[in-house]
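Just the heavy atoms: all of them, side chains too, but no hydrogens, waters or symmetry mates, feed the values below.
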Amino acid sequence: MQKVNPLLLRDLKAFSGIELPVLETMLATSKSAFYAKGETFFREGEVAARFFVMLDGFLHVVRTTPAGEQVIMRHFGTGEIFGMAPAIGRDTYPATSVAISDCVALSWPMKYWQEFCEITPQFQKNALSAVGERLQGSQDRIVEMATERVENRVAKALVRLVEQAGKPTPQGTLIDVAVTRQDIAEMTGTTLHTVSRIFSAWSSKGIVEVGRKKIEVLSSSRLSDIAGEQV
DNA sequence: CCATTAAAGGATT
DNA sequence: AATCCTTTAATGG
């Protein structure tokens, strides 16, 4: 396991505003590890043993219903803190998180949570604002689910993916992570068939170019038009 | 408008 | 070859 340079951490959201010497002490107790695409960081209901900060890669957070249906709650990327059960008053993980690309992440035993919050209030502040943003996002999603049509929701999900994992290409923006129709369906509360049909329609209009596990947005303006339309 | 079911073909391992 | 991913069409709420 190579050493992580504390200078790199300064630019990550989870660590912003924290002094270098403090970062050094935090790093001393951390574990840096590689997680292959498809690997699980932790599962829903498990006792929360560690909290994580993503250094590179993407994961999604998924909940499974008793009927076995999956719902993708959200995605996390570089610089974000996740698995922070104590920050929301829990001792088990509320959902499962799965690497959707190869990842490198730092993690700490949960006992350091309290310690970090005491050593540097800024750490706690960062965590609190992360919780706030996520709550906000969840509420937005509830409104979205309750009021918008499927095509709208799929467009919004794509816009979010572009923001999080978009990579510019000569023709537009490629979603730089493998996402299937089923994944989009699990993010938007619909079926893969409907997603497939929507993609086909957008593709023939030249809004996107799609393939197997590949989505490229050719006209982000037309996509956000669809995302913005209310019924 | 959208879910379900069914069928079929291409891609990936 | 087996499994995964996607498309298309028909049907019905």
Side-chain angles (χ1 to χ4, degrees), chain A residues 33-44 56-77 95-105 137-231:
Chain A
F34 171 81
Y35 302 82
K37 178 175 164 183
E39 245 179 274
T40 296
F41 290 88
F42 49 78
R43 292 179 196 282
E44 179 176 354
D56 186 46
F58 287 98
L59 68 84
H60 69 207
V61 177
V62 61
R63 283 252 206 155
T64 305
T65 67
E69 294 193 281
Q70 301 214 126
V71 178
I72 294 176
M73 313 292 294
R74 54 163 304 129
H75 293 257
F76 286 128
T96 300
S97 56
V98 183
I100 58 169
S101 69
D102 288 346
C103 294
V104 177
S138 300
Q139 293 180 161
D140 291 348
R141 207 95 333 111
I142 291 171
V143 172
E144 199 178 305
M145 289 289 185
T147 63
E148 295 187 15
R149 293 178 311 167
V150 170
E151 191 181 17
N152 282 211
R153 305 205 299 268
V154 171
K156 281 191 155 72
L158 267 198
V159 169
R160 270 181 248 122
L161 282 174
V162 164
E163 284 165 3
Q164 294 180 90
K167 181 179 155 196
T169 65
Q171 309 127 62
T173 310
L174 178 72
I175 311 272
D176 198 21
V177 59
V179 177
T180 66
R181 309 289 182 274
Q182 178 71 43
D183 291 331
I184 302 281
E186 289 174 8
M187 295 167 60
T188 55
T190 182
T191 64
L192 77 160
H193 307 101
T194 299
V195 174
S196 176
R197 282 188 288 264
I198 291 172
F199 278 9
S200 297
W202 290 351
S203 178
S204 54
K205 288 181 188 168
I207 299 172
V208 296
E209 187 175 313
V210 292
R212 191 188 168 89
K213 293 185 178 180
K214 183 207 136 189
I215 308 166
E216 185 170 358
V217 176
L218 303 180
S219 169
S220 56
S221 62
R222 288 215 273 161
L223 184 64
S224 27
D225 281 352
I226 297 170
E229 278 173 23
Q230 306 299 321
V231 183

In whole angstrom, what separates [X]'s [atom1] from [N]'s [atom2]?
X: A:Met145; N: B:dC1; atom1: CE; atom2: C1'; result: 17 Å
X: A:Asp183; N: C:dC4; atom1: CG; atom2: P; result: 14 Å
X: A:Asn152; N: B:dC2; atom1: CG; atom2: P; result: 8 Å
X: A:Phe199; N: C:dT6; atom1: CZ; atom2: P; result: 9 Å
X: A:Glu148; N: B:dC1; atom1: CD; atom2: C1'; result: 15 Å
X: A:Arg212; N: B:dG9; atom1: CZ; atom2: C1'; result: 11 Å
X: A:Leu192; N: B:dA3; atom1: CG; atom2: P; result: 11 Å
X: A:Arg149; N: B:dA3; atom1: CZ; atom2: C1'; result: 16 Å

Open item on the list: Show the nearest heavy-atom pair for residues A:Val98 and A:Gly38, with the distance to one decimal.
Closed with: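 Scanning both residues completely, I find the closest heavy atoms to be CG1-O, 3.7 Å.
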
Between [X] and [N], is there a side-chain N or O to OP1/OP2 distance below 4.0 Å?
X: A:Thr190; N: B:dA3; result: yes
X: A:Ser200; N: C:dT6; result: no
X: A:Ser196; N: C:dT7; result: yes

- [ ] Would you mind classifying the nucleic acid contact of A:Thr180 as base, sugar-phosphate or nothing, using non-hydrogen atoms under 4.0 angstrom?
- [x]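 Sugar-phosphate contact only - A:Thr180 comes under 4.0 Å of backbone atoms but never of a base.
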
Open item on the list: Does A:Arg197 contact B:dC2 through a side-chain donor or acceptor facing the base, at a distance under 3.5 Å?
Closed with: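 For A:Arg197, whose side chain was compared with the base of B:dC2, there is no donor-acceptor pair (under 3.5 Å).
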
Task: Donor-acceptor contact below 3.5 Å, side chain A:Gln164 vs main chain A:Leu161 - done: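 Here the side-chain-to-backbone pair does not exist.
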
Open item on the list: So does A:Glu69 get a backbone contact from the side chain of A:Thr65, meaning a donor-acceptor N/O pair under 3.5 Å?
Closed with: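 At least one qualifying donor-acceptor pair exists.
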
Task: Charged N-O contact under 4.0 Å between A:Arg160 and A:Glu163 - done: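 No.
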
Task: Minimum-distance nucleotide to A:Val150 side chain [options: B:dA3, C:dT8, C:dT6] - done: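 Given the options B:dA3, C:dT8, C:dT6, the side chain of A:Val150 is closest to B:dA3.
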
Open item on the list: Is the distance between the ring centroids of A:Phe41 and A:Tyr35 under 6.0 Å?
Closed with: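 Yes, the ring centres sit under 6.0 Å apart.
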
